[in-house]
Amino acid sequence: MGKTEPSYVHKLVCDKQKGGVTFHSDFSTISFCTQDQQRCGFILKINSNVFQLDQNSWGSRIIEQDSTKIKLMVNSPATAVIGHYRLTVETNSTSGQFVSEHNSANDVYILFNPWCEDDVVFLHSEEERQEYVLNDVGIIYYGTMNQIGERTWDYGQFDEGILAACLFVLEKSGTPPSGWADPVNVVRVVSAMINSVDDHGVIEGNWSGNYSGGSFPTMWSGSVEILKEYHKNKGTPVKYGQCWVFGGVVTTVLRSLGIPCRTVTNFSSAHDTDVSLTTDVYLDNNLEPLEHLNSDSVWNFHVWNDCWMARPDLPPGNGGWQAVDATPQQTSQGTFRCGPASLTAIRYGQVYLKHDAAFVFAEVNSDKIYWQRNVDGTFSQIYDEKNIVGHFISTKAVGSDDRNDITNLYKHPEGSEQERIAVETACSYGTKAKAYSAPTAQDVSVHVTMEDDGPRMGDDAELTITLQNSSSENRTVNLHSQVSVMYYTGVHKATVKKDTTDIDLLPNEGKSALLTQQMQCRAVTACWVWY
C-alpha cells in the first residue's frame, strides 16, 4: 500500500471461531492497532462520527457496518514510516474487552508512493514512473567508452518473496524504523546493506579473480535469486558480486520500496582515494611511477544508481535525481556506502552538500594531474589532463531498450567555461586546492588519437601522437610514453613498453609520431607524460 492511498479493511469484527471478535451493538469504542514488527506502532481509534479523513495524518472512518461486521477506510499520511505492519483489532463493550489474535493474512505493507504529490519521492511523469518503478526488467551497460556492451538484468521487484526480502534487508541493518519515513535515510541504509563489508549485507564483493566458494560475478543475470538466498539464509552474504551486481540489486530494492530508481554506468570512472577531487599520478625525478603513492585509479566502467526524491534537507534546486553507490569503495560516516548525492550539486561542483557529492564528482569530472618529485622530497605539478574521466554516462531509456546518455546531468560540456568553474569550485574544497592556483605552461599541446573505434583484443594498436607548439619560441619536448596493462578497475597489472623521445619544435610548428603496440590483453591504457 502506497502512502496516502485509502485502504479498505473488511470484516475486522467477525465470529470468534474464525479468529476474530464478536461484535456487540452496545460497544463504547473499537481500537484499530497497527504495529510494525520492530516496535514502531500505534493505536488508531475508530470514531463513527468521522466522515472526512485528514490526508496529513493517520485516520479511519466507517464505510459499512451491521450487527456482525464493520468495513473501514484507513488513511496513512505521506510521512508514514514504511515497512511491515501487523494488524490487530481491539473491541470494548459492556461485555468486556477483547483483542484479536494476529493473522498474517491481514498484515499491511506501507511503501513510498511516487504517484502521491505529497510524498517526497513523487515523480510527475507517468512514463517515467512506469520505467523507474514498475519495469521489472532492465539493461546494464559495461565495457569501455569505445566499446559499450550491454546485459539484460531481471530486477524482479514484484516476484513472490522479494518485498519481504527487501524489508528484511532494512531490518537486518539494525537502524530504528522511526527513520524509515525519510527516503534519504532509507537509501543510505540500502547503500550500506547491499555490500557486506561492515554490516553482513547482501553481497560480498570480489575482484581477485578467485571465486571459489561462490559464484562468478558475471554469472548473475538478476536480483531475485540473490535477495531470496540472502533472506533464506537469514542474512548470510551472497558470494560474489562486482559493481553491476550491486547496482542491479539496489534498483530492485528501491523500486520494491516505491523509490524511483535506475541503474547507471559511467565510462572512464575515477576513484579518488584522498578527497583531493583529482586523479593523481606521482612520478619520481626520472618520471618513473611511484606505485606506493599511486592509489587513485580510473576504471574502464563503473556502475551505480540514480534515485528520485525531493531534498528538503538541501538548498532549493537540489531535488530530483540523486546518485547512490553500493559498491564498497570509501566509507561515509564510518560505513561503506555512498549517497544520495544531488546530481545538480555534482554538476555545479557544490561538493560540500551531503551526502558524498565530492566522491561522485571525482568519479565523473576530476582532472588527472601528474606530480613529479623534487630533490627536497616535495612534488611539483607538471601536467594535467582535463578530459579523461566521465564519458557516456548511460542508463536504459524510458519506454525502450535504447541507451540514454545522461552525462549532461552530471556535468557541463567538457571544456566549457561552466565545466571549468565547477571543477575549480569543487577542488577548492579538496585536499589539493593549490593545484588550480599555479597553472602550468600550456604553449605545447599533445593529442593522442586512434583510428576507428580504438583497440580490439588480438589486434595491433596504432596511436598517433600530435604535438603542437603554439608559442613564438623553440621548444624541446621530452616525451615519455608508457603502455601498461590494467584491469577494468584501473588497477595496474604490468608494464608492456616504455619509451623516451626528445622532440624539437620550431615556433608554431606541429609534429606527429606513430606508436604501434601489439595487443594481446584485455584492457590497455597508454599514458604519456612530458615536461
Side-chain angles (χ1 to χ4, degrees), residues 207 268-300 329-330 362-363 366-389 423 427 430-448 461 463 465-469 471 474-505 511 513 515-519 521 523-531:
W207 290 265
S268 295
S269 187
H271 181 186
D272 173 30
T273 59
D274 61 358
V275 202
S276 65
L277 286 85
T278 55
T279 303
D280 300 301
V281 179
Y282 292 94
L283 309 166
D284 64 16
N285 57 331
N286 295 317
L287 296 181
E288 292 291 333
L290 296 169
E291 299 298 349
H292 66 286
L293 296 178
N294 291 330
S295 56
D296 290 353
S297 59
V298 179
W299 300 23
N300 282 355
Q329 298 177 89
Q330 302 293 128
E363 289 183 302
S366 58
D367 289 351
K368 191 171 185 179
I369 298 182
Y370 295 86
W371 303 85
Q372 184 179 22
R373 187 170 60 192
N374 301 316
V375 175
D376 60 1
T378 62
F379 286 87
S380 297
Q381 180 182 346
I382 60 171
Y383 185 62
D384 62 85
E385 295 176 298
K386 297 181 174 63
N387 189 24
I388 295 298
V389 307
V423 170
C427 290
T431 57
K432 292 185 175 68
K434 292 182 179 179
Y436 291 88
S437 61
T440 57
Q442 298 290 328
D443 54 11
V444 176
S445 62
V446 61
H447 297 282
V448 182
L463 296 86
I465 305 171
T466 302
L467 300 171
Q468 177 66 48
N469 180 12
S471 74
N474 293 338
R475 290 284 186 263
T476 298
V477 177
N478 186 229
L479 185 67
H480 289 250
S481 61
Q482 178 174 308
V483 181
S484 299
V485 180
M486 294 187 181
Y487 296 109
Y488 83 94
T489 58
V491 175
H492 184 268
K493 172 64 176 177
T495 299
V496 177
K497 181 179 180 180
K498 290 183 179 181
D499 188 40
T500 301
T501 304
D502 289 335
I503 300 177
D504 295 322
L505 295 174
K511 285 185 178 180
L515 174 65
T516 301
Q517 176 61 44
Q518 290 185 343
M519 300 285 284
C521 48
V524 172
T525 298
C527 175
W528 293 267
V529 184
W530 69 93
Y531 62 92

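Atoms considered below: every heavy atom in the structure, side chains included; atoms not considered: hydrogens, waters and symmetry mates. For clarity, every value in this text was computed on a predicted model and none was experimentally measured. Numbers here are sequence positions counted from 1.
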Determine whether [X] and [Y] make a side-chain contact, defined as any pair of heavy atoms from C-beta on separated by less than 4.5 Å.
X      : Y      : value
Asp504 : Asn474 : no
Asp274 : Lys432 : yes
Ile388 : Thr279 : no
Val446 : Val477 : no
Asp280 : Phe379 : no

**Prompt:** Do Trp299 and Glu363 pass the side chain to side chain contact (heavy atoms under 4.5 Å, CB included) test, and can you show the C-alpha distance, the side-chain angles, and the key distance before you say yes or no?
**Reply:** CA-CA 9 Å; Trp299 300 23; Glu363 289 183 302; over 6 Å; no
**Asked** Going by the angle between their ring planes, with limits at 30° and 60°, are Tyr282 and Trp371 parallel, tilted or perpendicular?
**Response**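 Taking Trp371 first and then Tyr282, their aromatic rings lie parallel (interplane angle under 30°).
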**Message:** Whether the side chain of Asp284 engages the backbone of Asn286 through a donor-acceptor N/O pair (distance < 3.5 Å, no angle test) should be reported.
**Reply:**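 Yes; at least one donor-acceptor contact below 3.5 Å.
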**Prompt:** Are the side chain of Asn374 and the backbone of Asp376 linked by a donor-acceptor contact shorter than 3.5 Å?
**Reply:**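 Answer holds: no.
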Hey, could you give me the [atom1]/[atom2] distance between [X] and [Y], rounded to the nearest 0.5 Å?
X      : Y      : atom1 : atom2 : value
Gln329 : Ser269 : CD    : OG    : 7.0 Å
Glu288 : Leu283 : CD    : CG    : 8.5 Å
Lys368 : Thr278 : NZ    : OG1   : 12.0 Å
Arg373 : Leu293 : CZ    : CG    : 8.0 Å
His447 : Ile465 : NE2   : CD1   : 12.5 Å
Thr476 : Ile503 : OG1   : CD1   : 10.0 Å

**Request:** Would you check if there is a donor-acceptor pair between the side chains of Asp296 and Thr273 at a distance under 3.5 Å?
**Result:**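 Judged by distance alone, the side chains do pair up.
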**Message:** With no hydrogens and no angle check, just 3.5 Å: does a side-chain donor-acceptor pair link Tyr383 and Gln372?
**Reply:**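 On atom types as modelled, these side chains do not qualify, holding no pair under 3.5 Å.
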**Prompt:** Pick from Asp272, Val298, Val389, Leu277: which one makes a side-chain contact (heavy atoms from CB on, under 4.5 Å) with Ser366?
**Reply:**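 Option passing the side-chain contact (heavy atoms from CB on, under 4.5 Å) with Ser366: Val389.
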**Message:** If you apply the rule side chain to side chain contact (heavy atoms under 4.5 Å, CB included), what do you find for Leu287 with Ile382, and how did you get there?
**Reply:** CA-CA 10 Å; Leu287 296 181; Ile382 60 171; 3.8 Å; yes
